[in-house]
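Inspection log for the structure reproduced underneath, given as structure tokens.
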Amino acid sequence: MDELRQANVVAFKNPEVSGHDSLNFDYQDFFENGAFALHLVGADGIILQANKAELDLLGYPAEDYIGRHIADFYPDRHVIEDILDRLSRGERIARYPARLRARDGSIKHVEITSSGHFRDGELINTRCFTADVTDLERTRTQLRQHDSTYRQILESLPVAIYTTDQDGTITYYNRAAADLAGREPSVGKDKWCVTFKLFTADGQELPHDECPMAIALKENRPVRNQEAVAQRPDGSFFPFLPYPTPLQDEHGNLIGAVNMLLDLTDRQRAEEARQHLSAIVESSFDAIVSKDLNTIIKSWNHGAERLFGYTADEAIGQSVTMLIPDNHQDEEPRILQRIRRGERVEPFETTRQRKDGSLVPVSLTISPVRNATGQIVGASKIARDITSARENEHRIRMLMREVNHRVKNQYSVILSMIRETNKRSETPKQFETQVRERIMALSRSHDLLVSADWKGATIRDLLAAQAESFPRGDVIEMSGPSLVLSPNAVQYLGIAFHELATNSTKYGVLSGDEGRISVTWGINGSGASKLFQLTWAETDGPEVQNIGQGGFGTVVLKRAAPAAVGGQGNLEYGPHGVIWSLEAPLPAVEASVANGS
């Protein structure tokens, strides 16, 4: 096979070998310079030759294309396998749809026309014309998408719509049409109408071939204002107004028609709806106002009275500009311009003025008002008081800033935990345990704050929460006046209590069955110079053999916790326990002072 492929290429490139110089030269010129993309593929699927149009189509230089297997350029492997298989059996391929991968990675949609060249019954090569139909395929896809979109739109419409061909045979109907008719029309069979039986408005039976749709097709004109009555298969009747309209091609030839059926029983419901709407408008908490194109107020509901302070008698007949502050007077001309063009003004926020002169932030929605003939005669306005919404937004922003501040503080605390713990941890396991315990201690303090809406926590509650996870934590005695700590003090004192309890569990009272821990606090001084004082003291505990110093706990007790409340901390190690004392300005510790309550 390699010898045959080589012979084929030699014969193509060296016409003197074949003995048909002129013919081969003409063939080679046609092949190389033809406008159609051409290539030769050997029986083994290797590309033997490709002309310039083929290379330009896919963007490959000849050295990157010729000599490779043709399947390398087909993203759909089964397609090229089918083509090669059929060609090897002597079939001729005509306009076979396929996809080719260009050098830039894009996909080309093509149609392949190819046939095999056989010698003594053996396939020598295949000759292939490649027609680029990418634009055509894109157009087809767009048309399919448009058709699907139009059908989805028609199916989603609540009004009955159906189409026919030029002979009146139904070609499509939407779900609303079937629901209105009470039956499923037979597409391609039923003619003129989707309904079961038809009658004129005065009750005379109306043959389907004399219905408004039939007239529209026979006379090639829209038919309007011809009411009719239809009967459903279940025996019920409904009056309707059809809108049959002929459809024409670009040359004006009749190709079918479309009909919309308007159920007139909705008129009665519409009247009831108008009454309900009137009640809704009157009872709405929002201000609903209508005006003419000269800004004169025409209607004024109770919501408008509540919001703006004017009664209906005071407002109707006045210009709506009386509600607009001086610095917003330019809004009304722009609004009226859009209303005259029939545009609905989407909700926007602005400011309006009450009868007492006070200003109120509102959200306005404005829509055109039309008369019975469809002419725009004014506009309706819905004004919603957004004072509370603005206040809520402000509170949310303040809360987010506070949360952001607190999160940053906690990041600092946690990073300090990790850094100091890492210095003193001998193994990764010990490091993990200590960091987890300290973060859980911080979490317990946060739980207290969350349950109290971040207003603070008492010293007793904080101590109890931190001691709960330690053995014999209930031996801690507490004594001091009722005092609610600020959120900042809760977080840092919580960590301090955790470190003290941890140390006691390892070396002090909480490590054995003897001794006691007392936590006392009080307030000294008067006026602005009041001081908060707290002492943690362990007595009668086991003799301290070893106490780690200089670690995270020491940093917290001597520096971090005191500094957080602007105070001083002192840590003493005795033979039978630890004594930690803290002194700080009361305003930095107490929630009532810190929060300004």
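Here the structure is a predicted model, which is why all the values come from computation and not from measurement. For this chain, numbers begin at 1 and follow the sequence in order.
Checking side-chain atoms of D120 against main-chain N and O of E122 turns up no donor-acceptor pair under 3.5 Å. D76 places no side-chain N or O within 3.5 Å of a backbone atom of H78 that could act as its donor or acceptor partner. Between the side chain of S363 and the backbone N or O of P347 there is no donor-acceptor pair closer than 3.5 Å. For D292 (side chain) and T295 (main-chain N/O), a donor-acceptor pair under 3.5 Å exists by modelled atom type. Judged by distance alone, with hydrogens and angles left aside, the side-chain atoms of S156 form a donor-acceptor pair with the main-chain N or O of Q152 at under 3.5 Å.
Side-chain contact between V345 and L364: absent, with no pair of heavy atoms (C-beta onward) separated by less than 4.5 Å. Two residues are said to be in side-chain contact when any heavy atoms from C-beta on lie closer than 4.5 Å; K298 and V369 fail this criterion. Looking only at side-chain heavy atoms (C-beta outward), D209 and K218 come within less than 4.5 Å of each other. Looking at heavy atoms from C-beta onward, N253 lies out of side-chain contact with Q248 at the 4.5 angstrom threshold. A heavy-atom distance below 4.5 Å is not found between the side chains of I83 and T126. By the 4.5 Å heavy-atom criterion applied to side chains, P246 and L217 are not counted as neighbours. The closest side-chain heavy-atom distance from W192 to T164 is not below 4.5 Å. Contact check for Y172 versus E155: side-chain heavy atoms found under the 4.5 Å cut-off.
Classification of E184 and R175 as a salt-bridged pair holds, one side-chain N sitting under 4.0 Å from a carboxylate O.
For the side-chain contact (heavy atoms from CB on, under 4.5 Å) with L336, the qualifying choice from R338, R334, E332 is E332, the only one to do so. Partner of I382 under the side-chain contact (heavy atoms from CB on, under 4.5 Å) criterion, out of V289, I366, D286: D286 alone.
The line from CZ of R92 to CZ of R127 is 10.0 Å long, rounded to the nearest 0.5 Å. Here the CG-CZ distance, from D263 to F238, works out to 6.5 Å after rounding to the nearest 0.5 Å. Taking CZ of R119 as the reference point, atom CG of N125 lies at 8.5 Å (rounded to 0.5 Å). Summarising the geometry, atom OH belonging to Y173 is positioned 15.5 Å from atom CG belonging to N259; distances are rounded to the nearest 0.5 Å. Taken from NE2 in H328 to CG in L323, the straight-line distance is 13.0 Å, to the nearest 0.5 Å. Of the inter-residue distances, the one linking H208 atom NE2 with M213 atom CE reads 12.5 Å to the nearest 0.5 angstrom.
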- Chi angles and distances behind the side-chain hydrogen bond (donor to acceptor under 3.5 Å, both in side chains) call for T350, E331: CA-CA 9 Å; T350 185; E331 290 179 359; 2.8 Å; yes
- How far apart are the C-alpha atoms of K108 and T130, what are their side-chain angles, what is the distance that settles it, and do they pass the side-chain contact (heavy atoms from CB on, under 4.5 Å) test? CA-CA 11 Å; K108 299 287 186 179; T130 307; over 6 Å; no
- Could you please spell out the steps behind the side-chain hydrogen bond (donor to acceptor under 3.5 Å, both in side chains) verdict for R99 and T134? CA-CA 9 Å; R99 300 191 307 158; T134 303; over 6 Å; no
- Task: Apply the test side-chain contact (heavy atoms from CB on, under 4.5 Å) to residues F118 and L123: give CA-CA distance (whole Å), side-chain angles for both, the deciding distance (0.1 Å), then the verdict.
- Result: CA-CA 4 Å; F118 290 82; L123 178 64; 3.7 Å; yes
- Message: Please evaluate residues V159 and Y243 with respect to the criterion side-chain contact (heavy atoms from CB on, under 4.5 Å), reporting the C-alpha separation (whole Å), side-chain torsions for both, the decisive distance (0.1 Å), and the verdict.
- Response: CA-CA 12 Å; V159 64; Y243 289 84; over 6 Å; no
- Task: Might you work through the side-chain contact (heavy atoms from CB on, under 4.5 Å) test for V110 and Y74, ending with a clear yes or no?
- Result: CA-CA 11 Å; V110 298; Y74 280 76; 5.6 Å; no
- Query: Given T169 and D167, is the side-chain hydrogen bond (donor to acceptor under 3.5 Å, both in side chains) satisfied, shown in steps?
  - Reply: CA-CA 6 Å; T169 303; D167 297 320; 5.7 Å; no
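For the residue pair T171 and T163, a side-chain donor N or O sits within less than 3.5 Å of a side-chain acceptor on the partner. Counting only N and O atoms by type, the side chains of R144 and T141 include a donor and acceptor under 3.5 Å apart. For the 3.5 Å distance criterion, the side chains of R224 and T245 qualify, holding a donor opposite an acceptor.
What you find for D385 and L307 is that their closest heavy atoms are CB-CD1, 3.7 Å. Of all non-hydrogen atoms in R232 and A181, the two that sit nearest each other are CG-O, 3.4 Å. The two atoms that bring G342 and I376 nearest to each other are CA-CD1, 3.2 Å, heavy atoms only. The shortest non-hydrogen separation linking I170 to P185 is CD1-CB, 4.3 Å. Residue C128 comes nearest to I112 through the heavy atom pair SG-CG2, 3.4 Å, listed as atom of the first residue, atom of the second, then distance. Taking each heavy atom of P212 and P242 in turn, the nearest pair found is CG-CG, 3.7 Å.
For F285, the CZ atom counts as loosely surrounded, since its 6.0 Å shell holds 12 or fewer non-hydrogen atoms of other residues, nucleotides or ligands. Annotation: K191, atom NZ; neighbour count of heavy atoms from other residues, nucleotides and ligands within 6.0 Å is above 12.
Ring pair F73/Y65 is tilted by interplanar angle, where 30° to 60° counts as tilted.
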